[in-house]
Amino acid sequence: MITVAPGASERAMTLMRFGFLSAGDSSGTAEVRRVAREELVPSGRAATGRLGDWLLENKAVVAVIGQIDGTSRGGRLVDSWRKPNGLDGLDDHETFVLGKLVVYDTLRTGFDDKTGAAYVEVSAVVDRSADGLPVVSVATRYDLAPGIDAILAHTQIKTIRAGAEPGDTVPLLVERLQAEGGAAASVDEKTSSTIGDAMGYLVFPLSTPAEVGADGTMARVSVPASATPAPGATLLFSRMIAPLERPDTLALAVARARIEGERVGEVRVQLQENGRPLTRLGVGDVVIRRADGSELLARGALPCPPESAYVVHVPEGSYSFGFRGASHDAAPAGALVHVGREGVIADRVSLDVIGARAPYQEPPRAWRCDEREELPEL
């Protein structure tokens, strides 16, 4: 077994640089434990976790790693979701090394005293010598640290024996994720993501060289063949796997903004009719229209008591807001609201509603705002 042990400084720099910190003053703790009771088995249509698997958990995120069982399921990320409203939506996760699906054969768990991170580490040997490719050892560590709402995955590859052929056409590593019920994956310059019915996931490489892409509905990150280490040498590839705040385009835009280090504002959307605030609010979609006319959607939002408003996080920018629900609609209109400007923590928007113009289909799970003692003062 190879021990994958990125230093505390790497994780600390990730926390500071990408800002994937959970809400609230306390970062809580991280822990790893065996799924030994039925109540620990994940729920949701996509959930495949079962007794004997390993559960990583902190204040914001839960992840389940399959127990070693001689199949490709062992050592794989099988379920992941966000608290407190999360429902597992991970349909598939797979890792290929030198074109071969990795079947891990050893597993160990641990706790990092320096950072408070809990981890599950799995390892295997991939032998492609019959095809003229190298023989390598592979070890992957799934790290969950206090206060960070993403999984840090680190794969260390060590070349045991060089291949007879150059092998410059087969990528060294390919990792793919798919959300259950997802449409085509979304790719930008730095990230790849997959959004499904119950959950969305963003993958962001932390190491170079790396490439991002998509295979249909699957988000993909890869390491090119040119990075294959020389015999006796190792390569460490790290990436962030982040369950989104909600399975929608607004949550994806916020996650990408945080990676870029951009400010993220908070908006409370209130509904009113004939000048009076509505007091009975149900599940609905908050529509955010950019100045260029494109739209972002906060799907299946619930009002945040006691504000009687829908609270959403939005990347810094100028927007107009609207709403679509079972009983009421409000088209994005009026003056643009500039969100996230320096010195402003939150903004409030009041929308004049009309009766719903089309039937509204609720998502599998409605998403409440962060549970905090107090919301920021306006």
Side-chain angles (χ1 to χ4, degrees), residues 1-15 17-18 65 68 72 74-77 93-115 117 119-145 150-177 190-192 203-213 219-241:
M1 176 181 288
I2 302 173
T3 299
V4 179
S9 59
E10 178 176 344
R11 281 189 290 276
M13 288 175 64
T14 301
L15 289 172
R17 179 179 175 188
F18 302 112
I65 311 300
I68 300 300
S72 61
R76 180 163 58 91
L77 181 64
H93 170 245
E94 54 192 21
T95 303
F96 294 83
V97 171
L98 296 172
K100 185 175 181 179
L101 184 64
V102 180
V103 179
Y104 295 104
D105 53 24
T106 61
L107 181 150
R108 74 183 185 103
T109 64
F111 188 80
D112 191 326
D113 291 330
K114 292 182 180 179
T115 63
Y119 63 83
V120 174
E121 183 178 293
V122 291
S123 61
V125 171
V126 173
D127 186 349
R128 293 297 314 276
S129 58
D131 301 307
L133 298 174
V135 179
V136 299
S137 59
V138 181
T140 295
R141 172 166 155 171
Y142 303 98
D143 228 2
L144 199 57
I151 303 155
L152 297 181
H154 312 275
T155 296
Q156 184 170 292
I157 298 176
K158 180 178 181 179
T159 299
I160 300 172
R161 186 168 68 249
E165 301 294 332
D168 56 356
T169 60
V170 179
L172 175 61
L173 181 146
V174 174
E175 183 174 55
R176 305 195 302 181
L177 288 91
K190 295 184 177 181
T191 68
S192 184
V203 187
F204 172 49
L206 300 172
S207 305
T208 57
E211 300 171 354
V212 294
R220 183 187 74 241
V221 294
S222 60
V223 178
S226 58
T228 302
T234 62
L235 176 136
L236 179 64
F237 175 61
S238 299
R239 62 273 189 201
M240 176 187 296
I241 303 172

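Note that these values count all heavy atoms, side chains included, but never hydrogens, waters or copies made by symmetry.
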If we only count heavy atoms from C-beta on, is the Leu235 to Leu173 side-chain gap below 4.5 Å? no

Side chains of Pro229 and Val136, heavy atoms from C-beta outward: is any pair under 4.5 Å? no

Contact summary for Tyr119 and Phe111, nearest pair of heavy atoms: CE2-N, 3.6 Å

With side chains defined as the heavy atoms from C-beta onward, is the minimum distance between Val120 and Leu107 less than 4.5 Å? yes

Answer whether the closest heavy-atom distance between the side chains of Lys190 and Val212 falls below 4.5 Å. no

Pairwise side-chain contact, Thr95 with Thr140, heavy-atom cut-off 4.5 Å (strictly under): no

Grab the two heavy atoms, one from Ala124 and one from Val103, that are nearest each other, plus how far apart they are. CB-O, 3.4 Å

Using the side chain to side chain contact (heavy atoms under 4.5 Å, CB included) rule, take Met240 and Leu152 through it: C-alpha gap first, then chi angles, then the decisive distance, then the call. CA-CA 5 Å; Met240 176 187 296; Leu152 297 181; 4.2 Å; yes

Would you name the heavy atoms of Ala117 and Asp143 that are closest together and state the gap between them? CB-OD1, 3.8 Å

Qualifying residues under salt bridge (charged side-chain N to carboxylate O under 4.0 Å, His left out), relative to Asp131, sequence neighbours excluded: Arg128

Expected output: side-chain Arg239 to main-chain Phe237 donor-acceptor under 3.5 Å: yes

I'd like to know if the side chain of Ser192 and the backbone of Arg220 have a donor-acceptor N/O pair within less than 3.5 Å. yes

Report the distance from atom OG1 of Thr228 to atom CG of Leu98, rounding to the nearest 0.5 Å. 6.0 Å

Is there side-chain contact between Ile65 and Leu77, with heavy atoms separated by less than 4.5 Å? yes

Taking the side chain as every heavy atom from C-beta outward, state whether Val125 and Val138 have any atom pair closer than 4.5 Å. no

What is the distance from atom CD1 of Ile157 to atom CG of Leu172, rounded to the nearest 0.5 Å? 4.0 Å

Salt bridge (charged side-chain N to carboxylate O under 4.0 Å, His left out) with Glu94: which of Lys100, Arg76, Arg176? Arg176

Return yes if some donor-acceptor pair links the side-chain N/O of Tyr142 with the main-chain N/O of Gly75 below 3.5 Å, else return no. yes

Pair Thr155-Glu175, side chain to side chain contact (heavy atoms under 4.5 Å, CB included): steps then yes or no: CA-CA 11 Å; Thr155 296; Glu175 183 174 55; 5.9 Å; no

Drop me the distance from Gln156's CD to Leu236's CG, to the nearest 0.5 angstrom. 6.0 Å

Separation between OG of Ser123 and CD1 of Ile68, rounded to the nearest 0.5 Å: 8.0 Å

Side-chain donor/acceptor of Ser207 to backbone N/O of Ser238, under 3.5 Å: yes

Taking it one step at a time, do Val102 and Val126 satisfy side chain to side chain contact (heavy atoms under 4.5 Å, CB included)? CA-CA 7 Å; Val102 180; Val126 173; 4.2 Å; yes

Quick check: closest heavy atoms across Pro171 and Val174, and the distance to 0.1 Å? CB-CG2, 3.8 Å

